[in-house]
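All remarks here apply to the structure that follows.
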Amino acid sequence: MIFKEILVRYGELSTKGRNKKDFISRLRDNVRYSFNDIAPLKIRAERDRMFIEVENKEKFDVLMDRLPHVFGIQSISPVASCEKDLDVMKALAFEILEDYREKGDLTFKVEVHRTDKTFPLNTHELQREMGATILPNFPNFKVQVKNPDFALRIEVREDAIYMMAQVIQGAGGMPIGSNGRSLLMLSGGIDSPVAGYLMMKRGVRLDAIHFFSPPYTSDNALQKVKELANELTKFGANIRLHVIPFTELQVAVKDAVPDNMSMTSTRRMMMKVADKVREEVGALGIVTGESLGQVASQTLESLTAINDVTNTPILRPLISADKNDIIKIAKDIGTYETSIQPFEDCCTIFTPSSPKTKPKLEKVLRFESFTEFDELIDRAVKNREVYQFPQKEVKEDKFADLL
């Protein structure tokens, strides 16, 4: 294997000022976490880029496959190295460029960066020497200085020559954890995992909360939510899932509030529970997958009535998104097939035939006042179950039968 390290470019992190080192440190920690299964990793973080040493092909393949999913990474390039000998450099360039031979007509250029100023050829001389050697051996190549299809990048460092050509786009965004923690309301549908993904991309670390209403919702529905929570961890951070026993509260709302306003009250109770869990875990906001006008509970009037129960920031990254755009993101990030499994969540039970799209807050408050919901809310929060993702594999005890 010719590649000895992987170059990581920061992208948006490069625009940061005095606190830039904090973002870089967070990204380095997230990379270590994401690749804990192939630890240890030798990482060298510089101001504008990061280098990860590669010890073998197995580790290289894992890094190249999963690094593009880690938020905060703009792009990556596999880097090869050789001694500072011109003939050896040319041979290495041929190896790197071999993958481009069968890709049709391509434009390219040679870029040179000399850290070691004692190298006998200056930048322009080395560019001409390498270009003149490459062109006759790759007839499908044509030199183009501005906006070529790709560039062969050569770095002349103090210790060796380093070369790269491939640039693989990363997930971009900010390192998870660089913008605090929020609580994601994870229903099991298409929208909420996408909302969680978009907030993680902006550097937000997530806990998730799910409202479980047995026997009206099944264990299969809960398992689906667990799979979605686990799927979101592949972007570089663990997630705690808080499962709320919601049957008692949901039935109480059904009995106390008129059918056409029960959906609004149910969402208000969810938000009250979520706010208490948020406070306990130290989160700063609540994330939902709501999209304006998509369903009756997502009109401006409904959202106003739901927001009334808390002063906590409610983050709705999908608020202006089209459903087809949400589905496309869900497919891209790998949550769509899990989300469409036909297991109902609590939002689909007791659904009124004609829910109010413009509920009056004063009327909702009046009907809710006839029932003492606070005790039910406290009990639901207290009796929640918490799951950690990704789940650690439990090693089988080979001697268990002997005990």
Sequence neighbours left out, what pairs pass side-chain hydrogen bond (donor to acceptor under 3.5 Å, both in side chains) with at least one residue falling in residues 31-41? Asp37-Arg66

All side-chain contact (heavy atoms from CB on, under 4.5 Å) counterparts of Asp325, not counting sequence neighbours: Asp322

Sequence-distant partners of Glu372, salt bridge (charged side-chain N to carboxylate O under 4.0 Å, His left out), two or more places apart: none

Which residue pairs pass the salt bridge (charged side-chain N to carboxylate O under 4.0 Å, His left out) test with at least one member in residues 70-88, sequence neighbours excluded? Lys84-Asp116

Side-chain donor-acceptor pairs of residues 132-139 under 3.5 Å, sequence neighbours excluded:
from: Thr133; atom 1: OG1; to: Lys90; atom 2: NZ; distance (Å): 3.4
from: Thr133; atom 1: OG1; to: Glu129; atom 2: O; distance (Å): 2.8
from: Asn137; atom 1: ND2; to: Thr133; atom 2: O; distance (Å): 2.8

If you draw the axis of the six-membered ring of Phe211, does the NZ or CZ of Arg267 fall within 45° of it and under 6.0 Å from the ring centre? no

Who pairs with Ala160 by side-chain contact (heavy atoms from CB on, under 4.5 Å), at least two apart in sequence or on another chain? Tyr162

For Glu375, enumerate each residue passing the salt bridge (charged side-chain N to carboxylate O under 4.0 Å, His left out) test, keeping only those at least two apart in sequence or located in another chain. Arg379

Just grab all the salt bridge (charged side-chain N to carboxylate O under 4.0 Å, His left out) pairs involving residues 159-180, residues at least two apart or on different chains. none

Test salt bridge (charged side-chain N to carboxylate O under 4.0 Å, His left out) applied to Lys57 - qualifying residues, sequence neighbours left out: Asp61

Can you run down the salt bridge (charged side-chain N to carboxylate O under 4.0 Å, His left out) pairs that involve residues 329-338, sequence neighbours left out, and say none if there aren't any? Lys328-Asp332

Residue pairs involving residues 193-205 (criterion side-chain hydrogen bond (donor to acceptor under 3.5 Å, both in side chains); sequence neighbours excluded): Glu12-Arg202

Which pairs pass salt bridge (charged side-chain N to carboxylate O under 4.0 Å, His left out) with one or both residues in residues 225-244, sequence neighbours excluded? Asp207-Arg240, Glu231-Lys234

